[in-house]
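Structure first, then comments.
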Amino acid sequence: MIFTPLQARSLITWYQTHKRDLPWRDTGNPYDVWISEIMLQQTRVEFVKDRFLQFRSELPDIPALAKCSDERLMKLWEGMGYYSRARNLKKCAQKLCETYEAVLPKTVEELIKLPGIGPYTAGAIASIAYRQPVPAVDGNVLRVIARYFEEERDIRDSAVKAEVTASIQQFYDACSDEMMKEFPSLSSLLNQALMELGAIICVPNGQPRCTECPWSHTCKAYLHQKTDQIPYRSALKERTIQQRTILVILDGSRFLLHKRPDKGLLAGLYEFPGYEGYLSRKEALDAVRELGLSPVHIKKLPDSRHIFSHIEWHMKAYEILTDNIDQALPEGYVLLNKKELRQFAVPSAFHTYKDWYSLQE
Ligand code: SF4
């Protein structure tokens with residue numbers, strides 16, 4: 001895998017004409033690059049656009065993020081899943097305030113020491129925000145390069161990713177003065193061009209739009225008609241299916257929510273109380289009595305499913321109406337009226353039930 005100035009030039013030229021207009025693009029602010037890159041992990045660009053603008057307007061800089069309350073942060077992150085990303089953003093912002101005068105460092109070596117910043121994000125921040133000549137290899141880039149060079153090995157293999165990363169690094173290291181003069185932000189442009197090509201042209205699942213690709217004349221997978229076979233990706237382990245029962249407990253006007261443990265899935269977030277397995281009506285009522293409450297009516301709610309990266313929740317649910325709750329609640333439980341609940345971040349796993357009561361904003 002050897003990059004040439006000709007390939008780089010044609011791709012950058014294509015990028016400069018065809019890149020999408022995204023709110024975090026070309027702002028020149030490292031904070032924007034960082035926040036958007038973290039949001040874009042596991043979440044679609046179209047969804048991130050609005051969320052990014054809202055996040056950015058409420059938390060305009062690193063000190064604001066470091067001081068944000070957990071509840072507010074979770075609310076700003078609501079619907080994007082993988083909440084540990086938001087928690088790490090705050091942790092990282094606090095570390096930046098303590099140690100780096102609230103400024104993201106410029107080098108991959110320093111960036112990678114920070115919470116929630118891995119090699120890809122470090123490369124993206126260093127190259128896009130600070131023009132450092134370093135690669136940023138995400139899934140899109142890996143797919144583009146694998147197809148272009150007809151790399152038939154498993155792209156889940158870390159050796160393949162390491163080779164792709166090394167090939168881009170070698171290109172930057174060997175770049176001529178002439179090229180650097182032509183493109184003073186070479187790594188920022190080329191890294192973003194590779195990501196953009198993977199996002200809008202060299203798309204996954206054997207459907208790349210090769211006739212619109214600036215590399216179609218030299219791409220080996222296209223010329224050898226192998227774009228449906230490359231990249232090869234070995235199968236992931238199947239998800240574990242967990243059966244759960246969700247109880248929407250309310251005393252007429254207020255809902256009972258439970259705070260999940262500080263570690264593990266959806267750590268520290270509020271949920272409608274959930275139980276392993278499928279409870280019968282009697283078991284559900286007993287569970288409510290064990291909380292010290294007096295159920296007066298039970299009704300079945302719709303089933304729902306939620307998919308996490310390695311687990312699937314298959315949920316059955318009941319609404320349980322109780323007498324007015326006026327005693328002290330068990331630790332970790334809160335009572336919220338509809339308005340308060342709207343302001344609370346409830347993970348998307350429970351949105352079927354939040355929607356059921358028209359509680360979405
Ligand atoms: S020609 Fe097709 S397969 Fe090759 S890089 Fe371009 S879009 Fe991807």
Treating Ile, Leu, Val, Met, Phe, Trp and Tyr as nodes and any side-chain heavy-atom pair under 4.5 angstrom as an edge, say whether Tyr333 and Phe344 lie in one connected cluster. no
Nearest 0.5 Å, what's the CG-CD distance between Leu189 and Gln16? 5.5 Å
Report whether Met180 and Leu190 are members of the same hydrophobic cluster (ILVMFWY, side-chain heavy atoms less than 4.5 Å apart, transitive linking). yes
Applying side-chain hydrogen bond (donor to acceptor under 3.5 Å, both in side chains), run through Thr43 and Arg85 and close with a yes or a no. CA-CA 11 Å; Thr43 312; Arg85 290 180 296 165; 3.1 Å; yes
For the atom pair OG (Ser304) and NZ (Lys316), what is the distance rounded to the nearest 0.5 Å? 10.0 Å
Donor + acceptor pair across side chains of Gln169, Asp173 (<3.5 Å): yes
Partners meeting side-chain contact (heavy atoms from CB on, under 4.5 Å) with Ala93 (sequence neighbours left out): Trp34, Ile62, Leu65, Ala66
Do Cys175 and Leu186 make a side-chain contact, defined as non-hydrogen atoms from C-beta onward lying under 4.5 Å apart? yes
Connected via hydrophobic side-chain network under 4.5 Å: Leu341 and Leu301: yes
Any Pro119 side-chain heavy atom under 4.5 Å of Ile112 side chain: yes
Given side-chain contact (heavy atoms from CB on, under 4.5 Å), test Thr322 with Leu256 step by step and report yes or no. CA-CA 10 Å; Thr322 67; Leu256 188 73; over 6 Å; no
Does any part of the side chain of Phe255, heavy atoms only, come nearer than 4.5 Å to the side chain of Lys354, both counted from C-beta? no
For the pair Lys282 and Asp286, find out whether any cationic side-chain nitrogen is under 4.0 Å from an anionic carboxylate oxygen. yes
Could you tell me whether a side-chain N or O of Tyr130 sits under 3.5 Å from a main-chain N or O of Leu104, the two making a donor and an acceptor? yes
Ile128 and Met195: which non-hydrogen atoms are nearest, and at how many Å? CD1-CE, 4.2 Å
Using a 3.5 Å distance criterion without hydrogens, assess whether the side chain of Ser187 forms a donor-acceptor pair with backbone atoms of Gln132. yes
Atom CZ of residue position Arg131 - does it have more than 12 heavy atoms of other residues, nucleotides or ligands inside 6.0 Å? no
Do side-chain atoms of Thr121 reach the backbone of Ile117 as a donor and acceptor pair under 3.5 angstrom? no
Scanning both residues in full, the closest heavy-atom pair of Ser69 with Lys90 reads C-NZ, 4.1 Å
Please say whether more than 12 non-hydrogen atoms of neighbouring residues, nucleotides or ligands are located less than 6.0 Å from CZ in Arg289. yes
Does any non-hydrogen side-chain atom of Glu152 lie less than 4.5 Å from one of Tyr232? no
Find the distance between NZ (Lys91) and CG (Leu114) and round it off to the nearest 0.5 Å. 12.0 Å
Do the ring planes of Phe171 and Phe3 sit parallel (below 30°), tilted (30 to 60°) or perpendicular (above 60°)? tilted
So Glu110 and Tyr100, side-chain hydrogen bond (donor to acceptor under 3.5 Å, both in side chains) or not? Walk me through it. CA-CA 10 Å; Glu110 286 296 304; Tyr100 293 89; 2.7 Å; yes
Check for a donor-acceptor pair, side chain of Tyr148 on one end and backbone N or O of Tyr222 on the other, with a separation under 3.5 Å. no
Counting neighbours of NZ on Lys19 that are heavy atoms of other residues, nucleotides or ligands and sit closer than 6.0 Å, is the number greater than 12? yes
When rounded to the nearest 0.5 angstrom, what is the spacing between OG in Ser36 and CZ in Arg25? 9.0 Å
4.5 Å side-chain heavy-atom contact, Ile125 and Glu37: no
What is the ring orientation for Phe55 with Trp77, classed by angle as parallel under 30°, tilted 30 to 60°, or perpendicular over 60°? perpendicular
Just how far is it from atom SG of Cys219 to atom CD of Gln7, taken to the nearest 0.5 Å? 10.5 Å
Working note: Tyr353 + Met315, criterion side-chain contact (heavy atoms from CB on, under 4.5 Å); need CA distance, chi angles, decisive distance, verdict. CA-CA 11 Å; Tyr353 304 111; Met315 294 173 276; 4.1 Å; yes
Verify, without hydrogens or angle tests, whether Gln54 (side chain) and Arg51 (backbone) share a donor-acceptor contact under 3.5 angstrom. no
Side-chain touch Ile168/Val141, heavy atoms, less than 4.5 angstrom: yes
Taking every non-hydrogen atom, the tightest pair across Tyr83 and Ser348: OH-N, 3.8 Å
Treating Asn191 as the side-chain partner and Val134 as the backbone partner, does any N or O pair qualify as donor plus acceptor under 3.5 Å? yes
Do Ile35 and Phe52 come close enough that some side-chain heavy atom pair is under 4.5 Å? yes
Give the cluster check for Leu266 versus Tyr82: same hydrophobic cluster or not, with ILVMFWY residues linked at side-chain heavy-atom distances below 4.5 Å. no
State whether Lys75 and Glu78 are salt-bridged, where the test is any N-O pair (Lys NZ or Arg NE/NH1/NH2 against Asp/Glu carboxylate O) under 4.0 Å. yes
With distance as the sole test, does Glu196 use its side chain to make a donor-acceptor pair with the main-chain N or O of Arg20 at under 3.5 Å? yes
So does His314 have more than 12 non-hydrogen atoms from other groups sitting under 6.0 Å from NE2? yes
Taking all atoms of both residues into account, what is the closest heavy-atom pair of Ser57 and Pro60, and its distance? O-CD, 4.2 Å
Nearest heavy-atom approach of Pro302 to Ala317 is O-CB, 4.2 Å
Looking at side-chain heavy atoms only, is the closest gap between Glu151 and Ile145 below 4.5 Å? no
Would Lys300 pass as a cation-pi partner of Tyr318, given that its NZ or CZ must be under 6.0 Å from the six-membered ring centre and within 45 degrees of the axis? yes
Taking Ile230's backbone N and O only, do any of them form a donor-acceptor pair with Arg147's side chain (distance below 3.5 Å, no angle check)? yes
Where do Leu96 and Pro105 come nearest, in terms of heavy atoms and distance? CD2-CD, 3.7 Å
Check whether any side-chain N or O of Glu163 sits under 3.5 Å from a backbone N or O of Val160 as a donor-acceptor pair, and report yes or no. no
Can the ring centres of His306 and Phe308 be said to be less than 6.0 Å apart? yes
Please indicate whether Asp177 has more than 12 foreign heavy atoms, meaning atoms of other residues, nucleotides or ligands, lying under 6.0 Å from its CG. no
Can you hop from Leu335 to Phe350 via hydrophobic side chains spaced under 4.5 Å? no
I'd like to know whether Leu291 forms a side-chain contact (heavy atoms from CB on, under 4.5 Å) with Ile249, so could you lay out the CA-CA distance, the side-chain angles of the two residues, the decisive distance to 0.1 Å, and finally the verdict. CA-CA 11 Å; Leu291 294 173; Ile249 303 168; 4.1 Å; yes
Determine, stepwise, if the pair Leu265 / Arg260 fulfils side-chain contact (heavy atoms from CB on, under 4.5 Å). CA-CA 8 Å; Leu265 196 66; Arg260 291 182 59 83; 3.9 Å; yes
Look up atom CG in Asp251 and atom CG in Leu321, then write down how far apart they are to the nearest 0.5 Å. 8.0 Å
Without swapping roles, check the side chain of Arg143 against the backbone of Gly198 for a donor-acceptor pair under 3.5 Å. yes
